[in-house]
Structure formats: structure tokens, C-alpha cells
Amino acid sequence: MYRNAINTLINWKNNPDKLPMIIKGARQVGKTWLMKEFGKQYFNSVAYINFDDDKNNELKYLFDGDFSVERIVSGLSMKSEVKIEPEKTLIILDEIQNVPRALLSLKYFAEEQENRKEKYCVVAAGSLLGIALHQGTSFPVGKVDSMTLYPMSFIEFLDALDKKDYINLLRKNDFQMVSAFKSKYIELLKLYYFIGGMPAAVLKYINTKNLNSVREVQLKLLSDYLQDFYKHAPYEIVPRINMVWNGIIAQLAKENKKFIYGVLKKGARAKDFEIAIQWLIDCGLCYKINRVNKGNIPLSAYLDFSSFKLYCLDVGLIGAMAQLDDTVILRGNSIFTEFKGALTEQYVCQQLISCLNIKPFYWSAENSSGEIDFVLQYKEKIVPLEVKAEENLNAKSLKFFVEKFGLEYGVRFSMSDYRKEKKLINIPLYGVSQLFDVC
């Protein structure tokens, strides 16, 4: 299955000034597969090291010594039984957070090789790396490159299903032709809503075409995450992590999707759940979208840290948590309106982050019900986005926001066809990936 993130790794490999690369992301989003596939395609050999498999503490002892790069490479070569050569061998350090000194050693790989023409190529990853860093593990600041891997985007999903013609048509921005195949795009989008972008779930569908089998994979992933809570989180906050994690559905099912602590527990306050929420964010299971109180550049200057929305990492997992039956995708467009459009908003949020690589915010008026689902800062523009689950062309809040802050236009994602009107662009939900091409 093709992952767009491999292009980032190719550019990294071709950079003569490359530093060790750290890949962050939630468990089971495909980090190990990506690193191995990259090594197989673009290097002569791969030295794969998994710190989870260090039963005899050989790796721990290796990194307990000095940080001589040649010494470490020699040990890694013995452990992997692969002759490691600069530029020709990809060194993969998987679940590196289990040995903090291994993470620290990346600093020395960067410093000792700074003036070398041929460098050792090192990529490292860890499902709980964000947790380790937040808890104070030494991090080689300024000495590593980094990227985050997310669940598969809708475009990657189409590619995995061998629907490249549909991808190419979208990328041509020929929305007149796209509209001719609207029913097929909607069918594929429904399928993505159910399956989501977790690689194991997508692969199960490709191999079996059985949605019940897909759901079994999703439930297993959710069970694994639950075990991670008990295995890795501080004992005293595990119950609160569970409450936040299981409460995401209830939060998104509200008309106003702002995170309300009282939904989790009567009388709950921010201080009761802040650490639990941060834990879920650090391990990549949640996206936290903060409110801004103005639509001006830079958006980060107008953050309201007390108000935010919380989304799950994957739309398919949200469906599994909500126990949505697989027949839901066959009932007209009802899947788009379940939970007051929660699935649709989750989907759009996920595509903005994973496909367009941009962190969104949201806006709400101080003394009224007006709200913009997502607000982006793109180049020198502020772009407000409204998400409609059906063919709803009403955009009162969007038009108000555009006028209030003197913006060039607003964007509405809906099930309607592409159209560009005065200060308003409608993009079909299956075309989120084309946002910056048509604006």
C-alpha cells in the first residue's frame, strides 16, 4: 500500500545535510512498514533493530557505554547481522523510546557526521515516543529531522483499493467530470467512513471484502490501545484516560462539539482531566483543535486555550467505538448525518491533518451561536471551513465570518457539487484533498 509519507523520506535521503530522522505516530498507523519499505526500495540493505525485542538487554548495554558512533554502529551491525555501510544501509531503530540513551545517541550521529560526505542513515520510530518525551526523556533538540505518520488519508485509501483513475480525476480539478462520477465517489467515501485509514483494517478489507472482518480488526486495535493505557500510563490517571477516550463520541455527538468536562463527570473541571487528555494527545490517539477568537493572521496569536474540540485519530475507529453496524453504509446518506454530522467533521479534520498536513483551529462567537467548524492559516490567507453533512447550502455563519474579518472567501465542504460563488466555494466532501488547488 502506497503511503505519501515515503516522499518525505526520499527527500530526506537525498539531502546531503540530513540528520537522523524520527517518525512519530500512534500505534499501528504503519511506521514500521513505512521504514522497512523505504529501506527495501531505496537502500542496498536494511539493519532493523526493535527495542521491544531486547530480551537479553544487549541493546541497553550497548547504549549504556560511550556514544562513539563507530562503536554503536558496530554493535548494531552485530545485533542485526547486517554489514552497515554509510549511505548504502538504512539503520532502523524501532520503539526507540524503550531505551532513552538510544534516543540521545542520535545527537552524536548528527554531530560526529556533520562534515562527512557519506553519512550513516538512521530512522527511528516509537508508538509511545510522544509520551516518553513529555515525561522528560532526553531529546536531541536541533539534531534530528522529524515527521509524523497518521492513518491513511482518503486518497491513500483510494490508491490501496486500486482506484487510481478516481485519484487522477480529482487531481486534475475537473469537477465537471468528477460530478459525473459523483455516486461512485460517495460510495467510496462511505466505505472509508466505515473502514477508516488504519492500515490493518484497510488490508483486511482488500484481502476479504468482508466488513465484519474489518470491524474485528478495529476492535482489536481498540483493545490494544486500552492495554497501552494500563501498561504505560501512570496508574492514578488510567480511569480518567478511559473516561476521556470513551467520551469522545458523546462530545462529538453534541450540536456544539466544544469539549465539555461535565459530559465526562458531573462537576468535573479542567484540572481533573488535563493530564489524561495530554496523554492521549502525546500517544497520537487524539487531535486537539483549539478555538481562536479572531480570524486574523497569525491565528496562533488569538488562541483560546480553555476551549477546544477533541477528535479521534481515525474515523473508522470512531465507528467501531460507537458500534455502528456495517449496514449503515448502505442506507442512503444516513452515515453522513449520524451523531449530528460527527463522522463527517471527524473525517474532514483527519484529512486536513493527514492529507494536507495542516493543523486547523475553530472559531465561535463570544455572545451568539455562530461557529466556524475549522479555520486554517494557509500562506498569507485565513481560510474558514464549514462542514455540512448533506447537500446543505446554507452558510450563514461562514458568510458572517468572511465579512467580519474581511477575508477573500470561505469554503464549505458538503455533498453538493463543486461551485464557486462570490466569496464562497463549495467543495464536495470527497474532494477535501484539493482544497489548496482550487482556492
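It should be emphasised that the depicted structure is a prediction, and the values quoted were computed from it without experimental measurement.
- Taking the ring axis of Tyr205 as reference, the NZ or CZ atom of Lys209 stays within 45° of it and closer than 6.0 Å to the ring centre.
- Side chain of Arg291 to backbone of Ser306: no donor-acceptor contact under 3.5 angstrom is found.
- Counting all heavy atoms, side chain and backbone alike, Pro151 lies closest to Asp314 at CB-OD1, 3.8 Å.
- Between the side chains of Asn7 and Tyr2, at least one donor-acceptor pair of N or O atoms lies under 3.5 Å.
- Using modelled atom types, no side-chain atom of Ser223 and backbone atom of Leu219 make a donor-acceptor pair closer than 3.5 Å.
- At least one side-chain heavy atom of Leu103 sits under 4.5 Å from a side-chain heavy atom of Ile22.
- Taking 4.5 Å as the limit, every side-chain heavy atom of Val387 sits out of range of all side-chain heavy atoms of Tyr347.
- Tested against Tyr430 for a ring pair (Phe, Tyr, Trp, His ring centres under 6.0 Å), the candidates Phe175, Tyr418, Tyr166, Tyr185 yield a single pass: Tyr185.
- Note that OG1 of Thr32 is 3.5 Å distant from CG of Asp94, once rounded to the nearest 0.5 Å.
- For Asn210, there are no side-chain hydrogen bond (donor to acceptor under 3.5 Å, both in side chains) partners at least two apart in sequence or on another chain.
- With no hydrogens or angles considered, a side-chain donor-acceptor pair links Asp52 and Asn98 at under 3.5 Å.
- What you find for Gly247 and Leu264 is that their closest heavy atoms are CA-CD2, 4.1 Å.
- With contacts defined as side-chain heavy-atom distances shorter than 4.5 Å, the pair Leu435/Leu356 qualifies.
- To the nearest 0.5 Å, atom CG of residue Leu59 and atom CD1 of residue Ile96 are 10.0 Å apart.
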As a quick check of understanding, evaluate side chain to side chain contact (heavy atoms under 4.5 Å, CB included) for Leu170 and Ile167, giving each step before the final call.
CA-CA 5 Å; Leu170 280 173; Ile167 298 173; 5.9 Å; no
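- Checked against the 6.0 Å centroid criterion, the rings of Tyr235 and Tyr230 do not qualify as a close aromatic pair.
- Ionic pairing of Asp224 and Lys220 is present here: one or more N-O contacts between side-chain nitrogen and carboxylate oxygen are shorter than 4.0 angstrom.
- One side chain, Gln434 or Asp437, offers a donor N or O that lies under 3.5 Å from an acceptor on the other.
- Contact check for Ile372 versus Leu385: no side-chain heavy atoms found under the 4.5 Å cut-off.
- Counting only distance, with no hydrogens or angles, the side chain of Tyr225 and the backbone of Arg27 share a donor-acceptor pair below 3.5 Å.
- Under the 3.5 Å distance criterion, with hydrogens and angles disregarded, no donor-acceptor pair is assigned to the side chains of Glu274 and Tyr261.
- Side chain of Lys31 to backbone of Gly25: a donor-acceptor contact under 3.5 angstrom is found.
- Lys254 places a side-chain N or O within 3.5 Å of a backbone atom of Asn256 that can act as its donor or acceptor partner.
- The CG atom of Leu19 sits 8.5 Å away from atom CD of Glu114, with the distance rounded to the nearest 0.5 Å.
- For Asp272 (side chain) and Ala268 (main-chain N/O), no donor-acceptor pair under 3.5 Å exists by modelled atom type.
- Screening Phe273, Phe259, Phe361 for a ring pair (Phe, Tyr, Trp, His ring centres under 6.0 Å) with Phe308, the sole residue that qualifies is Phe259.
- Two residues are said to be in side-chain contact when any heavy atoms from C-beta on lie closer than 4.5 Å; Phe436 and Leu376 meet this criterion.
- Residues Ile92 and Ile49 form no side-chain contact, since every pair of their non-hydrogen atoms from C-beta on lies 4.5 Å or further apart.
- Residue Ser397 comes nearest to Gly370 through the heavy atom pair OG-CA, 3.7 Å, listed as atom of the first residue, atom of the second, then distance.
- Heavy-atom neighbours of Glu236 CD from other residues, nucleotides or ligands within 6.0 Å: above the threshold of 12.
- Ring geometry for Phe229 against Trp279 counts as perpendicular: the plane angle is over 60°, on a 0 to 90° scale with 30° as the lower cut.
- Distance check, rounded to the nearest 0.5 Å: CG of Leu424 to CD of Glu386 gives 8.5 Å.
- Between Lys164 and Glu156, none of the side-chain N atoms (NZ, or NE/NH1/NH2) sits under 4.0 Å from a carboxylate O, so this pair counts as no salt bridge.
- Partner of Tyr311 under the side-chain hydrogen bond (donor to acceptor under 3.5 Å, both in side chains) criterion, chosen from Lys257, Gln346, Lys288, Glu345: Glu345.
- Taking OH of Tyr287 as the reference point, atom CG of Leu352 lies at 11.0 Å (rounded to 0.5 Å).
- Counting heavy atoms from C-beta on, the side chains of Tyr150 and Val29 never come closer than 4.5 Å.
- For Glu216 and Gln218, the side-chain atoms include no donor-acceptor pair closer than 3.5 Å.
- Side-chain N/O atoms of Tyr362 and Asp304 include no donor and acceptor closer than 3.5 Å.
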Derivation of the side chain to side chain contact (heavy atoms under 4.5 Å, CB included) call for Met152 and Val202
CA-CA 9 Å; Met152 298 171 71; Val202 177; 3.9 Å; yes
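- For Lys423 against Leu407, the heavy-atom pair with the smallest separation is NZ-O, 3.7 Å.
- The existence of a salt bridge linking Glu87 and Lys119 is excluded, since no basic side-chain nitrogen approaches an acidic carboxylate oxygen closer than 4.0 Å.
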Val375/Val383 under side chain to side chain contact (heavy atoms under 4.5 Å, CB included): CA gap, chis, key distance, verdict
CA-CA 6 Å; Val375 183; Val383 183; over 6 Å; no
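- In the model, Asn426 has a side-chain atom that pairs as donor or acceptor with a side-chain atom of Arg412 under 3.5 Å.
- Contact annotation: the side chain of Lys182 never approaches that of Pro428 to less than 4.5 Å [non-hydrogen atoms, C-beta and beyond].
- A salt bridge does not link Lys18 to Asp145: none of the charged nitrogens lies less than 4.0 Å from a carboxylate oxygen.
- Going from atom CE of Met21 over to atom CD1 of Ile91 covers 15.0 Å, rounded to the nearest 0.5 Å.
- Taking each heavy atom of Gln377 and Leu299 in turn, the nearest pair found is OE1-N, 2.9 Å.
- By the 6.0 Å contact criterion, CG on Asn357 is open, its count of non-hydrogen atoms from other residues, nucleotides or ligands being 12 or less.
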Could you walk me through whether Asn14 and Tyr42 pass side chain to side chain contact (heavy atoms under 4.5 Å, CB included), step by step?
CA-CA 10 Å; Asn14 294 332; Tyr42 296 96; over 6 Å; no
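- In Tyr108, the OH atom is crowded: over 12 heavy atoms of neighbouring residues, nucleotides or ligands sit closer than 6.0 Å.
- Checked by atom type, the side-chain pair Glu95/Ser127 shows a donor-acceptor distance below 3.5 Å.
- Note on Lys184 versus Glu187: salt bridge recorded, some NZ/NE/NH1/NH2 to OD/OE distance being below 4.0 Å.
- Atom CG of Leu203 is surrounded by more than 12 heavy atoms from other residues, nucleotides or ligands within 6.0 Å.
- A salt bridge links Lys309 with Glu371: the distance from a Lys NZ or Arg NE/NH1/NH2 to an Asp or Glu carboxylate oxygen falls below 4.0 Å.
- A pairwise comparison of heavy atoms in Arg215 and Phe194 identifies NH2-CE1, 3.1 Å as the closest pair.
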